[in-house]
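Scroll down for the structure; my scribbles are underneath it.
What you see is a predicted model; the values in this text were computed from it and never measured.
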Amino acid sequence: MVRLYGLFFLAEVVLAVCALISCLSAEEGEIRALPRIAWVLIILFFPLVGSIAWFVAGREPHGRRPRTAWPVGNGFAESERRRPVAPDDDPEFLSRLAERTRRDDQELLRRWEDDLRRREEQLRRREDDRDRPEV
């Protein structure tokens with residue numbers, strides 16, 4: 001009998017935690033009947049009844065309303081809504097990276113060409129030294 005009560009208690013705690021997470025993560029337009037803080041208090045003070053009430057009457061069913069990319073009326077101006085862009089999706093970052101890579105490649109090519117000229121010059125000097133008759 002004690003195990004059964006323990007199982008019911010565990011199920012009630014899991015249900016309350018799920019309801020609390022669902023309530024706290026719901027968008028403002030998905031909450032019905034009461035404000036979010038009221039639902040949180042009901043779930044905390046009456047875990048079994050509050051959790052069931054949240055899932056039955058507190059949240060908007062997912063099939064009724066299409067979700068949008070941005071919640072409507074969240075208090076931010078349109079210019080402030082811009083989400084940060086990952087570096088590999090940011091055109092400005094990619095152009096700076098391409099420019100830096102191009103400059104590095106040009107510098108490396110210039111050093112290779114200088115080294116090649118220096119080696120060719122050394123080789124010519126050696127050949128000239130061999131071609132000269134010794135006196």
Side-chain angles (χ1 to χ4, degrees):
M1 193 67 168
V2 173
R3 289 184 183 174
L4 187 61
Y5 286 136
L7 185 64
F8 283 141
F9 177 74
L10 183 64
E12 181 180 343
V13 168
V14 169
L15 182 65
V17 168
C18 290
L20 201 56
I21 290 171
S22 174
C23 179
L24 292 173
S25 64
E27 297 292 334
E28 199 60 41
E30 296 175 345
I31 299 174
R32 293 189 300 177
L34 296 172
R36 182 188 317 264
I37 189 70
W39 281 113
V40 169
L41 293 175
I42 290 171
I43 294 168
L44 288 175
F45 289 129
F46 309 104
L48 183 62
V49 176
S51 300
I52 294 171
W54 165 253
F55 286 120
V56 171
R59 67 183 179 130
E60 190 76 29
H62 289 288
R64 287 191 184 172
R65 187 173 79 84
R67 292 189 57 105
T68 60
W70 292 104
V72 178
N74 64 353
F76 292 105
E78 186 65 34
S79 62
E80 296 174 4
R81 286 188 189 176
R82 184 170 174 239
R83 295 201 290 190
V85 178
D88 57 340
D89 291 337
D90 186 6
E92 182 180 324
F93 174 79
L94 292 174
S95 65
R96 285 193 320 255
L97 185 64
E99 178 64 27
R100 186 180 327 141
T101 303
R102 188 183 60 75
R103 277 188 278 126
D104 291 347
D105 289 346
Q106 286 177 345
E107 175 64 24
L108 184 61
L109 182 61
R110 186 191 60 75
R111 281 190 273 147
W112 284 347
E113 288 174 342
D114 290 346
D115 186 46
L116 182 62
R117 283 189 199 104
R118 183 182 51 80
R119 289 180 181 196
E120 287 176 343
E121 185 63 35
Q122 286 175 352
L123 188 61
R124 281 190 201 114
R125 283 186 205 140
R126 284 184 196 158
E127 289 177 355
D128 287 346
D129 288 345
R130 275 191 282 163
D131 291 341
R132 274 192 222 158
E134 290 186 31
V135 186

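Residues L24 and L15 are members of one and the same hydrophobic cluster, defined by side-chain heavy-atom contacts under 4.5 angstrom among Ile, Leu, Val, Met, Phe, Trp and Tyr. No continuous path of ILVMFWY side-chain contacts below 4.5 Å connects V17 to W54, so the two sit in separate hydrophobic clusters. Linking Ile, Leu, Val, Met, Phe, Trp and Tyr residues whenever their side-chain heavy atoms come within less than 4.5 Å places V56 and L34 in a single cluster. There is a path of hydrophobic side-chain contacts, each under 4.5 Å, that joins F55 to L20.
Of all the heavy atoms in A57 and A33, the pair that sits closest is O-CB, 4.4 Å. The shortest heavy-atom contact between A19 and I43 is O-CD1, 3.8 Å. For the pair E28 and R36, the tightest heavy-atom approach, listed with the atom from each and the gap, is OE1-NH2, 3.3 Å. Between C23 and I31, the shortest heavy-atom distance links the atoms O-CD1, 4.3 Å.
Within 6.0 Å of CZ in F9 there are 12 or fewer heavy atoms belonging to other residues, nucleotides or ligands.
With hydrogens and angles disregarded, no donor-acceptor distance shorter than 3.5 Å links the side chain of S22 to the backbone of C18. Listed for the W39 side chain is a donor-acceptor partner under 3.5 Å among the backbone atoms of R32.
Listed by first and then second residue, the side chain to side chain donor-acceptor pair (under 3.5 Å) pairs that reach into residues 104-117 are R102-Q106, E107-R110, R110-D114, D114-R117, D115-R118, D115-R119, sequence neighbours excluded.
In this structure, CG on D128 lies 9.5 Å from CG on L123, to the nearest 0.5 angstrom. Between the CD1 atom in I52 and the CD1 atom in I42 there is a gap of 13.5 Å [rounded to 0.5 Å]. From L108, atom CG reaches atom OG1 of T101 across 12.0 Å, with rounding to the nearest 0.5 Å.
Remark: R124 pairs with E121 by the salt bridge (Lys or Arg N to Asp or Glu O under 4.0 Å) rule, at least two apart or across chains.
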